Number of protein chains: 2
Amino acid sequence: MKLQQLRYLREVIRCNLNITAAAAALHTSQPGVSRQIGLLEEELGLRLFRRSGRSLKQLTPAGAILARQIDVLLNQAEQIQRMAADLSAPDQGTLTIATTHTQARYLLPPVVSRFRERYPKVRLHLNQGTPQQVSAMVTQGEADFALATEALEHTEMLLALPCYRWGHCLLVPSEHPLNAIRPLTLEAITDFPIVTYIFGFTGRSRLDAAFSDRGLTPNVVLKAADADVIKTYVRLGLGVGIIANIAYEPDKDTDLSALDASALFGCNITRLGIRRDDFLPRYAYDFIEMLAPHLSRECIEQSRELSQQQLDEAFGFGAALSGSG
Amino acid sequence: MKLQQLRYLREVIRCNLNITAAAAALHTSQPGVSRQIGLLEEELGLRLFRRSGRSLKQLTPAGAILARQIDVLLNQAEQIQRMAADLSAPDQGTLTIATTHTQARYLLPPVVSRFRERYPKVRLHLNQGTPQQVSAMVTQGEADFALATEALEHTEMLLALPCYRWGHCLLVPSEHPLNAIRPLTLEAITDFPIVTYIFGFTGRSRLDAAFSDRGLTPNVVLKAADADVIKTYVRLGLGVGIIANIAYEPDKDTDLSALDASALFGCNITRLGIRRDDFLPRYAYDFIEMLAPHLSRECIEQSRELSQQQLDEAFGFGAALSGSG
DNA sequence: CCCCATTACGTAGCACGTAACAATG
DNA sequence: CATTGTTACGTGCTACGTAATGGGG
C-alpha cells in the first residue's frame, strides 16, 4: 500500500470515478492511475469499484468504507507535511484566504498590510467568491480559511468562529429627504426605491427578514453583489442604498450620507471558517489574531473540539444570531 | 514522503534511536534504514534527530511533534489494511486475546469452543499474563483485546467495558468447621490461615480492603497467581482458600466446599479492554458478544467516543466499583 | 578497539510513460 | 465512432543489499 496509490484513488473518486480526468488532475498518465488502482485492489484483496464493462460505475460498499478512511489518512499525511514546512521555516509559505467582496474590499486591506510587513516572505493569496464558493474553497482544502458573513456555519466540517459584528446603514445622497427623518423607520425607507445586495450576500437575508416581519414589501430596484456597485447607482439617483456600514468610507464617500440602520436590521456576525482537522502554520494564526484579537491560537485550538452549537454558546450567541445572519 | 520511511522512523524511535536494532526488527539492512531516515529529513527540510557525532542522541522538538503525528498516520494505515482484510474475508484472520489465568481457565473455554465452531478459519491466540502484561499487550497492539479484572481502566487509551460481575467464595475442605458457621463473617475467617491470590490478581485488592475496613489482619500463609494452585494447597490443609467463585467447579471439586462470600468482599467487575482507535474485524465483535451478550458491536462503537468516566456512568457503575475492583 | 551511523556502489524491482487494444453507449 | 479503461512494453528512477569508511566512547 503506497501513499500514491491512495492519492490516485482519492482523485478518481473526486472525479466521479473518471480515471482519465483524475490522471489529468494529477498530471500523470491515465494507464498509470488505472494500473495503481488495480494493484491496490489486488493488495487489499477486494474490488473497490463496481465496473460495468470497462467503465467504473460506482464504489462498492467496501470501497466506500475504505475511501472514507483513506481520506482521513491522506489528510493526516498532508497535515504532517504542512507541520514540517512550518517547523522548518515558520515565516515562509503560502496563506490562502477565501473571502467575499465586503471583507476583501473594506475589512482586510489594513490587516493585509500589517501582515505583509510582519511576514514579507509569506505568499498571500486572496480568493474572492460568493459565500458558497468561499465555504467550498475551505472545505476542499483550496484555501486555509474563509471569512464571510454567510454560509460558513452550515457544515460541521468547518469551525465558524465569530470574528466581529456589524450592522447595515442606509446610503443616501446628501440632499435626500430621508436625511431629515429621525428616528429612521422601516416604513419611511419603504417609500423609496432600494438598491442593495443580491440574496445570500452580506446579510441580505437579515434585511428581508426585517421588512417581512413588519409586513412591508420593499421596492428593490437593483440588486448587486457588492457595495461599490450599490454606491454607483445611489449616486445616479436610482434609489437609496442599504449596505454594510463598514462599506461606507467617510473620506471618499463625501457626496453620500450614511444613516446607521443597525437598530432596524439587527446585527450580523462575520465569521472565520477553518477546517476542523486542518493544521495551520504559525503565521496563519497571527493573521487571524491581527484580524480579530480575541481569536488567539490557544482559543482556536480549544474550539476545534467543540460543536458549532457549543461554540456559539461559548461566545455568547443565541440561536437567533447564529442563524442566517 | 513514503509510508515505509515513516515506518522506519517509528521503529527507530521504538528502538531508542538505535538504527541497527530497528533494521533488525524490520528485517532489512541497517544502511537502508539510515538512508531513508536521511531522505525523509531532507524532504521535510528539518532534522528529526539531534546527533552527537554519528549516533542519534535524542529527538529534536520538531521530530517529537512530527513523530506523534506519524504514529497516528501509521495506525490509520494499519487500520485500513485490517479493514480491507475483514471486508475481503470476514471469516478469516487472526484473533489475539490477552487475558489472565482466571478468565482463560474458567471463563473462556466454552466461549472459545463456540467461537471455533462458528469461525473455524480464524486463528485464535490466547496470551496469558498478569493484568499489567495483559493491558500492555493491548495498548501495544500485540493483542486485539484484553480480558481482566484489574489494571485495564488505568489508561484512557483503552476502553474498559464492563463484561460481567462476580464475587469471591471461601474454599474449604468438606469437614472444615467454617462449614457450620452461618452467616459467614470476616471475623470467623480471620481465625484461620488463608490461601489466596497475590496482590494485583483477580480482585485481591478488594479482599484486602474488606479486611482492613473492619480492622482485621488476615493471616495469609500462601499467595498464588491462580486458583488451581490455591485449591491444591487447600486440599493439603494449609488453610482456607479465597478464590473467585467462577473458579469453583462443582463437578471436579467434590472434595471441597465453596461458601459464597460475595456479601463479605463486594463484587468485582471483569472488563474487556479495547484500544479506543482500533478497528476490530467482525469475528472479534462476535467473540465479544458470545462472551458478554450486552456488548454488541453497536454498543461498543458508541462507547468508543466516551471517556471512561462517562462509560462507567452509562453502565451504571459508581466510582467505588470502577476503582481497583 | 568496538559499536554504530554514514557513504559508496551495484542491482533488481517497480512506477511511469507511450502505444496498442478492448469494450461500451 | 468516440470515449474510457486495460494490457503490453520499454525505460529510468530508486529502494535495497553488500561493502567500505568515518567517529565516539
Side-chain angles (χ1 to χ4, degrees), chain A residues 1-60 62-64 66-67 70 73-74 77 81, chain B residues 1-60 62-64 66-67 70 73-74 77 81:
Chain A
M1 198 169 80
K2 306 260 163 46
L3 280 176
Q4 242 143 339
Q5 296 175 327
L6 304 183
R7 279 189 213 109
Y8 284 9
L9 176 65
R10 176 175 65 177
E11 196 59 39
V12 169
I13 293 170
R14 281 187 180 165
C15 293
N16 297 312
L17 315 192
N18 182 327
I19 292 185
T20 306
L26 293 164
H27 309 293
T28 185
S29 72
Q30 180 272 325
V33 176
S34 176
R35 172 148 254 270
Q36 291 309 315
I37 298 283
L39 287 174
L40 182 62
E41 285 184 317
E42 194 181 307
E43 179 176 347
L44 297 179
L46 46 82
R47 308 247 78 171
L48 298 168
F49 298 104
R50 194 173 306 292
R51 284 144 166 101
S52 120
R54 291 228 154 189
S55 70
L56 309 186
K57 269 290 180 296
Q58 55 174 347
L59 278 167
T60 59
L66 291 176
I70 286 169
L73 182 122
L74 290 174
Q81 286 167 326
Chain B
M1 197 169 81
K2 306 258 163 48
L3 280 175
Q4 241 144 337
Q5 295 174 328
L6 304 183
R7 280 189 213 108
Y8 284 8
L9 176 64
R10 177 175 64 179
E11 196 58 39
V12 169
I13 293 171
R14 281 188 180 163
C15 294
N16 297 313
L17 315 192
N18 182 326
I19 292 186
T20 306
L26 292 163
H27 309 293
T28 186
S29 72
Q30 180 271 325
V33 176
S34 176
R35 172 148 255 267
Q36 291 309 316
I37 298 281
L39 287 174
L40 182 62
E41 285 183 317
E42 195 180 308
E43 180 176 346
L44 296 179
L46 46 83
R47 307 248 82 171
L48 297 168
F49 298 104
R50 194 174 307 292
R51 288 152 166 92
S52 119
R54 292 226 153 190
S55 70
L56 311 185
K57 269 290 177 297
Q58 57 174 344
L59 278 166
T60 60
L66 290 175
I70 286 168
L73 183 129
L74 290 173
Q81 286 167 326

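What you see is a predicted model; the values in this text were computed from it and never measured. All chains are named by letter (A, B, ...) in the order of the sequence lines, taking the proteins before the strands, and each is independently numbered beginning at 1. All values below come from the heavy atoms of this structure, side chains included, with hydrogens, waters and symmetry mates left out.
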Just to confirm, is there a sub-4.0 Å distance from OP1 or OP2 of [N] to any side-chain nitrogen or oxygen of [X]?
{"X": "S55(A)", "N": "dT24(C)", "result": "no"}
{"X": "T20(B)", "N": "dC3(C)", "result": "no"}
{"X": "R51(A)", "N": "dT6(D)", "result": "yes"}
{"X": "S52(B)", "N": "dG25(D)", "result": "yes"}
{"X": "S34(A)", "N": "dG5(D)", "result": "no"}

Figure out the [atom1]/[atom2] separation between [X] and [N], and round it to whole Å.
{"X": "Q36(A)", "N": "dG5(D)", "atom1": "CD", "atom2": "P", "result": "16 Å"}
{"X": "L9(B)", "N": "dA15(D)", "atom1": "CG", "atom2": "P", "result": "16 Å"}
{"X": "N16(B)", "N": "dA5(C)", "atom1": "CG", "atom2": "P", "result": "12 Å"}
{"X": "L26(B)", "N": "dG17(D)", "atom1": "CG", "atom2": "C1'", "result": "15 Å"}
{"X": "L6(A)", "N": "dA15(C)", "atom1": "CG", "atom2": "P", "result": "13 Å"}
{"X": "I19(A)", "N": "dC16(C)", "atom1": "CD1", "atom2": "P", "result": "14 Å"}
{"X": "L56(A)", "N": "dT4(D)", "atom1": "CG", "atom2": "P", "result": "11 Å"}

With a 4.5 Å heavy-atom cut-off, do K2(B) and Q36(B) have their side chains touching? no
Please list, for nucleotides 17-20 of chain C, all pairs of protein and nucleotide N/O atoms separated by less than 3.5 Å.
unit_1, atom_1, unit_2, atom_2, d
dG17(C), OP1, T28(A), OG1, 3.1
dG17(C), OP2, T28(A), OG1, 2.5
dG17(C), OP2, S29(A), N, 2.8
dG17(C), OP2, S29(A), OG, 2.8

In short, the helix from dC1(C)-dG25(D) to dG25(C)-dC1(D) is bent end to end, axes from five pairs each side, to 10°, by 30°
Residues passing the side chain to side chain donor-acceptor pair (under 3.5 Å) test with Q30(A), sequence neighbours excluded, are none
Quick check: any donor-acceptor pair below 3.5 Å linking the side-chain of R54(A) to the base of dA23(C)? no
Base, sugar-phosphate, or nothing: which does L17(B) touch, judged by heavy atoms less than 4.0 Å apart?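 Sugar-phosphate, no base atom in range.
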